[in-house]
Amino acid sequence: MISFESLKAEYERNWASLDIRPGRLTEANAVARKALNGKATYQQIERLTGVPWHFAALCHYRESNFDFDTYLGNGETLHRATTIVPKGRGPFATFVDGAVDAFRVENFIGAQDWGIARMLFRLEAFNGFGYHAKGVNSPYLYGGSTLYGPPEAKAGKFVRDHVFDTNHVDSQLGTAVILHAMMALDSSIALDGSPQFAGRTEPEDDAASTVILMQQALNKLGANPPLAEDGISGKRTRAAVSQFQQQNGLRDTGLLDAATVAAITRATQQTGTAGQTADLSHALSRLEDLAKVLRPPAGGTTLPATIPGSALPTTTNDPISLFERLFSLVNKAAPMPGPVTAANPAPVDQLKQVVDLLSTLLNKNGKPVLGQVNGALGETIGKLLDGKKTALGIGGSVLTALLSSVTASPNAGGLAGLLGTVVSAVPGLGQFAMPISLALAAWGVLGKMEKWAQGTAPPPKPTT
């Protein structure tokens, strides 16, 4: 896995030994002067974001060669929404507005460590870490220095996506080289590597755990080419996210926003737990078939004991849909003998009707076929949960279904962030909690049926 800590020493070592090639020094100084010419604009960005002005200048150089009519995040025009990742940004009134947005997307706002190692790590992340696997220093950082290209170092360049040419030498100057030249011309540039708060993690580090989970999920869903599970939301990851968004009717941005994180998580859960949830759906389908057999329509015609396969409801993997189907089944079933109920019963009435329906299906010749349900798991537990099992089970099922769709969003705060952290720390929450909650609800319902059948149900509490 790529991490700042694993590369920190390498960045510091390379910076200490960096020398601009004599034949490129004039060019490097010319580019550095261009960067210094925009210092006032970059300082506006620094005041709004806390990102050092010289870092903004380096990003601007690599993305659009100091064109102030472009979006800092990808070099596209400011005057219409971007069409490459990050997609759908803008239009923006000024270069500064676009730069603030780009740094927000990259999770740089609020960062404290702007030492040389962290700065080079962030600059390389813009272009990707593929050069490390090739044993070559990235030209994005070191182009034009003795750290990249012969005779002192290895050459090589990704000439197009996934194609690496070992003999190609990138002709563009690297950002570390430009920074080196800028510091020679402007002594005010300081590289402070000490975070203001000891032990504080940087914003991109906080987001890395979510990015890794999403990379793993996208790989399970068939990302092609497979993503490096490194916690870096680089070009390949954003392209895969964009493809997922297009395929699932989401806003196509290439970014891991809250809606996309939730959708990817849901898709992975449906793929990984299809067998378990299908069993619940199959059981409900059988229940619906039995209801049709046992409850003839109002005209008096009895349905056949076998229901054609084409008439069966579509299987669903969504627990909430299963509840909706159950309540729909109760509302559509013909009423049992007795008083007519309202067309739109209250939730409590619906639950009573569910119990009535289950009672009808589980009775034989008018007699309950249940055993000693409330004592099935022991007197102590039965008494402890007496009167609470149904509520706990239904509440737990609904809460589990809701929590299963919560994920650790990099921008979430407050209660949402806390819940996302808890849920992401308990893998497979829905797989285990949902069956337990449903079992508890069933136990409570069956227990109530037993009490009603035996005449031992407590009298209703008087209301005032």
Side-chain angles (χ1 to χ4, degrees), residues 1-20 28 31-32 35-36 38-39 42-63 72-73 99-100 102-129 131-132 137-148 153 173-209 211 230-234 410:
M1 170 185 166
I2 296 293
S3 69
F4 170 66
E5 292 301 327
S6 68
L7 298 176
K8 180 181 179 181
E10 177 185 327
Y11 287 131
E12 292 173 341
R13 185 170 57 251
N14 284 346
W15 178 254
S17 61
L18 185 148
D19 288 316
I20 301 175
V31 174
L36 296 176
K39 182 176 179 178
Y42 301 134
Q43 286 178 325
Q44 291 182 48
I45 299 169
E46 180 176 0
R47 285 192 290 270
L48 293 170
T49 64
V51 177
W53 70 267
H54 45 275
F55 181 85
L58 296 172
C59 296
H60 195 200
Y61 161 67
R62 284 300 301 214
E63 290 302 323
L72 188 61
V100 171
F103 286 154
R104 182 180 294 111
V105 167
E106 295 296 335
N107 290 307
F108 290 162
I109 296 179
Q112 300 295 325
D113 183 0
W114 289 102
I116 187 60
R118 180 65 81 162
M119 193 177 300
L120 294 180
F121 175 77
R122 287 169 175 150
L123 287 168
E124 188 169 7
F126 267 103
N127 196 55
F129 293 92
Y131 286 94
H132 289 271
N137 287 323
S138 172
Y140 191 92
L141 297 178
Y142 306 113
S145 78
T146 56
L147 294 173
Y148 172 75
L173 294 172
T175 48
V177 168
I178 302 305
L179 179 60
H180 195 282
M182 289 173 65
M183 293 180 70
L185 296 174
D186 187 341
S187 60
S188 71
I189 299 174
L191 303 179
D192 182 9
S194 302
Q196 295 181 12
F197 302 98
R200 170 176 175 155
T201 58
E202 295 295 275
E204 68 264 36
D205 296 336
D206 291 334
S209 59
V211 175
D230 56 10
I232 306 295
S233 186

Quick one: list whatever passes ring pair (Phe, Tyr, Trp, His ring centres under 6.0 Å) with Y11, sequence neighbours left out. none
Can you list, pair by pair, the side-chain donor-acceptor contacts under 3.5 Å of residues 43-53, counting residues two or more places apart and other chains?
from	atom 1	to	atom 2	distance (Å)
E46	OE1	W53	N	3.2
T49	OG1	I45	O	2.7
T49	OG1	V51	N	3.1

Run the side chain to side chain contact (heavy atoms under 4.5 Å, CB included) check on R122 and F4 step by step: do they pass? CA-CA 9 Å; R122 287 169 175 150; F4 170 66; over 6 Å; no
Taking side-chain contact (heavy atoms from CB on, under 4.5 Å) as the definition, give me every residue that meets it alongside A181, ordered by chain and number, with sequence neighbours left out. I20, A28, N29, A32
Hey, are the side chains of E124 and H132 touching, using non-hydrogen atoms and a 4.5 Å cut-off? yes
Taking the side chain as everything from C-beta on, heavy atoms only, tell me whether F121 gets closer than 4.5 Å to D113. no
Looking at CG of D186 and CG of L36, how far apart are the two atoms once the value is rounded to the nearest 0.5 Å? 5.5 Å
Would you name the heavy atoms of G110 and P203 that are closest together and state the gap between them? C-CG, 4.0 Å
Nearest-0.5 Å distance, CG of residue L7 to CZ of residue R13: 10.0 Å
Atom CD1 in I109, atom CZ in F103: separation rounded to 0.5 Å? 8.5 Å
Applying side-chain hydrogen bond (donor to acceptor under 3.5 Å, both in side chains), can you list everything that pairs with Y131, at least two apart in sequence or on another chain? none
How close do V177 and G144 get, heavy atom to heavy atom, and via which atoms? CG2-C, 4.2 Å
What are the two closest heavy atoms between P139 and R62, and how far apart are they? O-NH1, 3.8 Å
E63: side-chain hydrogen bond (donor to acceptor under 3.5 Å, both in side chains) partners, not counting sequence neighbours: none
With a 4.5 Å heavy-atom cut-off, do S188 and H54 have their side chains touching? no
Do you know the tightest heavy-atom contact between A125 and I232? CB-CG2, 4.3 Å
Pairwise side-chain contact, M183 with L191, heavy-atom cut-off 4.5 Å (strictly under): yes
Under 4.5 Å between any side-chain heavy atoms of F55 and L179, yes or no? no
Compare every heavy atom of F126 with every heavy atom of F108, then report the nearest pair and how far apart it is. CE1-CE1, 3.8 Å
All side-chain contact (heavy atoms from CB on, under 4.5 Å) counterparts of E12, not counting sequence neighbours: K8, A117
Using side-chain heavy atoms (C-beta onward) and a distance below 4.5 Å, is V31 in contact with L173? yes
OG/S187 to CE/M182 distance, rounded to the nearest 0.5 angstrom? 12.5 Å
Straight-line distance of E106 CD to L72 CG, nearest 0.5 Å: 9.0 Å
L58 side, atom CG; Y42 side, atom OH - distance, nearest 0.5 Å: 9.0 Å
Which residues share a side-chain hydrogen bond (donor to acceptor under 3.5 Å, both in side chains) with R118, sequence neighbours left out: E204, D205
Once side-chain hydrogen bond (donor to acceptor under 3.5 Å, both in side chains) is applied, do any residues pair with D19, and if so which ones, sequence neighbours excluded? none
Does N137 reach the main-chain N or O of L147 with its side chain, forming a donor-acceptor pair under 3.5 Å? yes
Suppose the criterion is side chain to side chain donor-acceptor pair (under 3.5 Å): which pairs have a residue in residues 138-147, not counting sequence neighbours? N14-Y142
